Number of protein chains: 2
Amino acid sequence: MAPKRYPGGMTMPAADWLRLDQQICFSLNAASRAFGGVYRVVLKDLGLTYPQYLVMLVLWEHGELPVKKLGEHLRLDSGTLSPLLKRLEAAGLVRRERSARDERSVRVRPTGEGVALRERAVEVPRRIAAATGFDLAELQDLRSRLERLTTALDGAELPETAGRG
Amino acid sequence: MAPKRYPGGMTMPAADWLRLDQQICFSLNAASRAFGGVYRVVLKDLGLTYPQYLVMLVLWEHGELPVKKLGEHLRLDSGTLSPLLKRLEAAGLVRRERSARDERSVRVRPTGEGVALRERAVEVPRRIAAATGFDLAELQDLRSRLERLTTALDGAELPETAGRG
DNA sequence: CACAATTAAGTTGTGCACAACTAAATGGCG
DNA sequence: CGCCATTTAGTTGTGCACAACTTAATTGTG
C-alpha cells in the first residue's frame, strides 16, 4: 500500500493514525518475537533461553557482578532476575553468594562450566547475524536507531489525557 | 565507543562478535520493552494491556474475525489468544461465539462497549508517536526496516552447528 | 458410509516482564 | 547510641509467549 503523504503540519485522519500505529507497534512487536524465535533455536544447543543468554553475555564480559549491576546492564529488576538466576544456578552455570562487605548484595559469577559455555557461544552472533540477512553496517545503523528510540521513550514525558499542563 | 571497521571479507575477533551481538540484541530487546512501558502508561486509562490493545486494533479494523484469523494478523496462536480473549470478554469488550457454519471456529467481535472504546483510543497513536521523538518519515522508515528484518528472520534457514548442509 | 488426516480452539506447563510488596542490612542524623 | 530512610534481594500475583498436548469438528479418500 502506497504511503500517503501529509505535508507540513497537516493533520492525519484519526483512522489513519490508528492504522499507522498498528503498523508500527505490530512491526516492532513482530520483529522482537521473530528475533526471539531465532535465538530460541540457536540457543537450544546451549540449553539457554534468550534472557539467560543475555545474562551470560554480561557475566562473560564482566566476570562477576551484584544482581543490581546486572539489572542495570539489562534493564531488569530483581523480580525478573532472581528466579532467572536461580535457574542458571540450578543449571550449574553461575554461583550466587552474599557479599561479605555488604550483606544486602548478592554477587553472581559464572562457574567453570559457565565460563566454558562461552566457547560454544561465540558462534551464536554470526548465526544470528546471518539469519537477519543484514550486513554489519545495516545492523549497526538499526542498533543506533533503536537506542535512540529507547532513550526517547525512557525520557518521554507523556502528555496527560486531558491535561493539567 | 568508536565502531571498529573490518573492511572486505576480513573476519572480526570472536570477542568483538559477542560484544556486537550484545549491542544488537540488547537494543532490540530494550526498545521493545521501552515501547511496552510507554504503551502501558498510555493504555492504563483504557484498561487495556498492550497485547489486548493490538487485538482491539484488529477488531476495530475488521469488525469480526475467527480466532485463527486474529492470530494470523498478530502472529499469535490460540495458546496466547484464548486466555487473552477470555479476559477481554470478561471486561465486556468482546463476545466470542462458535460459528454455526463451522463448529470448530470461534468468531470474536467487539461489543458495543468495545466499539465505543475506539473513540478513546484514537489519541493513543499520537501520544506514542510523540513519545518516540521520531517524525512520521523516521517511523515509517524504521517500520519498513523492522518488517524486512522480520521477514528475513522468519524465512531464515538456520545453519546447523556442525552441518549436514 | 467408514475412517484417517487435518484443522480450530483450548489446556497445561515453563519462563519472562513487571508492579507491588516484604525482609534484611546499611547509612545518616540527632 | 537509637532510630529512621534508603538500598538490595527476594516473593507474590497477573499477564503474555510459546511448546506440547487434548478435544472436537471437518475434510478427504477409498
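Bear in mind that the values here come from a model prediction, so they are computed numbers and not experimental data. In what follows, every chain begins at residue 1, and chains take the letters A, B, ... in the order their sequences are listed.
- Applying the 4.0 Å criterion to OP1 and OP2 of dT11(D), one finds that S82(A) has every side-chain N and O outside that range.
- Nucleotides of DNA chain D nearest to G79(B) and R101(B) differ in position, and the one nearer the 5' end is that of G79(B).
- In terms of polar N and O atoms assigned as donor or acceptor, the side chain of T49(A) never comes within less than 3.5 Å of the base of dG15(C) in a complementary pairing.
- Electrostatic pairing of E72(B) and K69(B) counts as a salt bridge here, judged by a charged N lying under 4.0 Å from a carboxylate O.
- Residue N29(A) has its side chain nearest to dA17(D) when only dA17(C), dA17(D), dA9(C) are considered.
- Between R40(A) and the phosphate of dA19(D), there is a side-chain N or O to OP1/OP2 separation shorter than 4.0 Å.
- Across the protein-nucleic acid pair, F26(B) atom CZ and dA17(C) atom P stand 12 Å apart, rounded to whole Å.
- Judged by distance alone, with hydrogens and angles left aside, the side-chain atoms of Y50(B) form a donor-acceptor pair with the main-chain N or O of C25(A) at under 3.5 Å.
- Counting any heavy atom pair closer than 4.0 Å across all strands shown, R107(B) reaches no nucleic acid atom.
- Atoms CG and CG, from L57(B) and L74(B) in turn, are 9.0 Å apart once rounded to the nearest 0.5 Å.
- Across all strands shown, K86(A) has heavy atoms under 4.0 Å from sugar-phosphate atoms exclusively, and none from any base.
- Distances shorter than 4.0 Å separate none of the side-chain N or O atoms of S105(B) from OP1 or OP2 on dT7(C).
- Residues F35(B) and S32(A) have side chains not in contact (no heavy-atom distance under 4.5 Å, counting atoms from C-beta outward).
- In this structure, CD of E89(B) is placed 14 Å from C1' of dA9(C), rounded to the nearest angstrom.
- Side-chain contact between V42(A) and E123(A) is absent, with no heavy atoms from C-beta onward closer than 4.5 Å.
- Each of P51(A) and D77(A) lies near DNA chain C, and the nucleotide nearest P51(A) is the one positioned closer to the 5' end.
- Distance CG (L54(B)) to C1' (dG15(D)): 14 Å, rounded to an integer number of Å.
- Within the nucleic acid shown, T80(B) comes within 4.0 Å of at least one base atom, counting heavy atoms only.
- Contacts of L81(B) with the nucleic acid, taken as non-hydrogen atoms under 4.0 Å apart, are absent.
- At the heavy-atom level, P83(B) lies nowhere under 4.0 Å from the strands shown.
- The nearest whole Å value for the distance from the CG atom in L85(B) to the C1' atom in dT11(C) is 15 Å.
- When side chains are defined from C-beta on, L76(A) does not count as touching V55(A), because their heavy atoms never get closer than 4.5 Å.
- Computed from coordinates, the R96(B) CZ to dA8(C) P distance equals 17 Å when rounded to whole Å.
- For R98(A) and dA25(C), the shortest distance from a side-chain N or O to OP1 or OP2 is not below 4.0 Å.
- Minimum atom distance to the side chain of R33(A) is reached by dC18(D), of the listed dC18(D), dA25(D), dA9(D).
- Atom CD of Q52(A) and atom P of dA17(C) are 10 Å apart (whole Å).
- Which of dG15(C), dA9(D), dT26(C) sits closest to the side chain of K68(A) comes down to dA9(D).
- R104(A) places its CZ atom 10 Å from the P atom of dA25(C), with the value rounded to the nearest Å.
- dA9(C) atom P lies 10 Å from atom NZ of K69(B), rounded to whole Å.
- Of the two residues near DNA chain D, L84(B) and S78(A), the one whose nearest nucleotide lies more 5' is S78(A).
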